[in-house]
2 protein chains.
Amino acid sequence: METPRQRQHRQTMADILRIAHGQLVTEGSAGLSLRAIARELGLVSSAIYRYVPSRDELLTLLIEESYTAFGDAVEAAEARCRREDLGRRWLTVGRAVRRWAVANPAEWALLYGSPVPGYHAPPERTTAAGSRVPFLVLQLLADADLQPASDDPPMTAALHRELDKLRPGLPGDLKPEVLARGLLAFSSLCGLVSLELFGQFTNTVTQFPAHLDHQLTRLGATLGIPEPT
Amino acid sequence: METPRQRQHRQTMADILRIAHGQLVTEGSAGLSLRAIARELGLVSSAIYRYVPSRDELLTLLIEESYTAFGDAVEAAEARCRREDLGRRWLTVGRAVRRWAVANPAEWALLYGSPVPGYHAPPERTTAAGSRVPFLVLQLLADADLQPASDDPPMTAALHRELDKLRPGLPGDLKPEVLARGLLAFSSLCGLVSLELFGQFTNTVTQFPAHLDHQLTRLGATLGIPEPT
DNA sequence: CAACTTCAGAGAGCAGTGCTCTTGCTTTTG
DNA sequence: CAAAAGCAAGAGCACTGCTCTCTGAAGTTG
């Protein structure tokens with residue numbers, strides 16, 4: 001049972017996150033101000049520390065929230081594809097990533113931009129949530145019938161160890177070529193989206209969503225993914 | 001002729017930039033503090049505004065400086081390659097980009113990470129310097145004999161206009177497939193480097209520089225670049 | 001050479017930030 | 001019902017960017 005007091009606490013906590021999210025959207029991550037949140041809540045500045053121990057902690061909360069929303073969005077889109085249609089799955093993931101990033105640029109910057117200076121996210125709380133989308137790509141490639149590549153065995157073994165740390169449930173039979181290609185696929189996707197959001201070519205690419213499709217198809221071809229049917 | 005007064009001004013200006021650069025390396029872009037710079041110079045806080053009108057302006061100066069150093073490093077490496085050896089040029093550019101980024105992570109974050117919140121770099125002062133490396137990739141692809149691709153003509157035309165704005169000297173006969181592939185190449189490279197620097201796979205990839213070579217070769221194959229001889 | 005102008009630097013001050021500490025006062029609990 | 005727990009307030013510290021006025025020295029000019 002929830003006492004009124006607990007309920008009120010939970011409500012205030014939710015309000016804080018809501019306002020913080022608004023600040024993130026309008027001001028960016030540097031605009032996050034605990035004092036401003038308190039002001040907007042009608043609280044005195046020190047009272048906010050009853051709920052959030054520090055600004056960094058608030059940032060971590062927002063990052064967790066964003067990773068979850070991002071993972072949900074992309075996984076939901078991918079889940080609607082026929083499992084056998086690898087090309088469709090890849091294209092869908094790419095489009096979903098871009099769509100979410102364009103709709104939530106502040107959050108995208110938080111997750112995949114340069115780290116907020118002076119702040120380091122505690123890996124144990126972010127990497128698991130943050131690996132959902134890259135693992136989607138990895139799974140997709142694992143489902144493909146890839147030609148074994150001449151990869152560097154010690155490098156691949158280390159990669160495997162690293163990924164296993166992130167998500168212990170990793171299937172042990174992930175082939176070397178899947179790991180290497182998955183990393184390239186996800187990196188390139190991030191690069192394409194980040195450059196569109198942060199970079200100099202903004203206008204052009206935004207005007208033509210077909211551009212991403214072209215690039216995804218091209219990348220897919222490299223990675224051994226067939227065209228969508 | 002330079003009067004002593006001008007000389008002293010220039011010297012102080014250089015000192016400011018040197019200290020600011022040090023702050024960038026040790027504290028990150030949020031650690032940039034005009035007051036701290038003044039303190040280190042033995043000046044009172046307000047005196048710094050004789051030299052730098054605002055913190056944002058200081059950031060812009062640092063960005064210009066970084067773009068120049070970055071462009072110099074990569075262009076110098078690429079210039080040492082035989083013109084005909086496209087594969088070598090591509091590999092060299094990729095390695096040079098990564099080497100510079102690993103050696104100057106704070107600057108890399110400044111240039112290709114998420115924008116410093118609340119600050120927007122004046123495009124007229126950064127895009128020209130910032131387009132040096134991507135244009136190196138573009139030139140490289142232009143030198144290749146690419147198969148014409150079935151690209152979206154209006155998209156390509158818009159891309160061309162956009163790039164022309166960045167650097168008016170753009171050769172008018174840049175083929176559509178060159179533009180699209182150049183963008184993919186540069187984006188992917190940025191993604192690979194940024195994920196290594198900011199991301200979760202840091203340890204692994206750093207331990208095995210061969211990883212980047214693999215990925216560059218794979219990307220090169222997609223883009224119609226032969227293996228280095 | 002004396003008068004005038006320019007300007008680097010000093011100092012005070014404003015508005016804002018994160019964060020800590022103590023002090024009331026209300027709610028929950030034994 | 002008394003005691004413990006906990007929310008909110010208020011003052012305060014150290015820091016930030018930035019603006020203003022003023023002084024005194026350096027450079028310029030008649």
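Just so it is clear, the values below take in all heavy atoms, side chains as well, and ignore hydrogens, waters and symmetry mates. Naming convention: chains lettered A, B, ... in sequence-line order (proteins, then strands); numbering from 1 in each chain.
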Under 4.5 Å between any side-chain heavy atoms of [X] and [Y], yes or no?
X        : Y        : answer
B:Glu107 : B:Trp100 : yes
A:Val137 : A:Leu141 : yes
A:Met13  : A:Leu61  : yes
B:Arg98  : B:Leu189 : no
A:Trp108 : A:Val97  : yes
B:Ile37  : B:Val52  : no
B:Leu17  : B:Glu65  : yes

For this session: Classify every nucleotide of nucleotides 24-30 of chain D by which part a protein heavy atom approaches to under 4.0 Å, writing B for the base, S for the sugar-phosphate alone and - for neither, in 5'-to-3' order.
Result: --BS---
Exercise. Could you write nucleotides 10-18 of chain C as a row of B, S and -, 5' to 3', where a protein heavy atom under 4.0 Å of any base atom gives B, of only sugar-phosphate atoms gives S, and otherwise -?
Worked result: BB-B---BB
Whole-Å distance separating the [atom1] atom of [X] from the [atom2] atom of [N]:
X       : N      : atom1 : atom2 : result
A:His9  : D:dA5  : NE2   : P     : 17 Å
B:Leu59 : D:dG17 : CG    : C1'   : 13 Å
B:Ile37 : C:dG9  : CD1   : P     : 14 Å
A:Gln6  : D:dC7  : CD    : P     : 11 Å
A:Tyr51 : D:dA8  : OH    : C1'   : 8 Å
B:Met13 : C:dG9  : CE    : P     : 13 Å
B:Ile48 : D:dC18 : CD1   : C1'   : 13 Å
A:Gln11 : D:dA8  : CD    : P     : 13 Å

Exercise. Are A:Arg18 and A:Glu40 ion-paired here, with the side-chain N under 4.0 Å from a carboxylate O?
Worked result: no
Exercise. Between B:Tyr112 and B:Tyr67, what is the ring plane arrangement, given parallel below 30°, perpendicular above 60°, and tilted in between?
Worked result: perpendicular
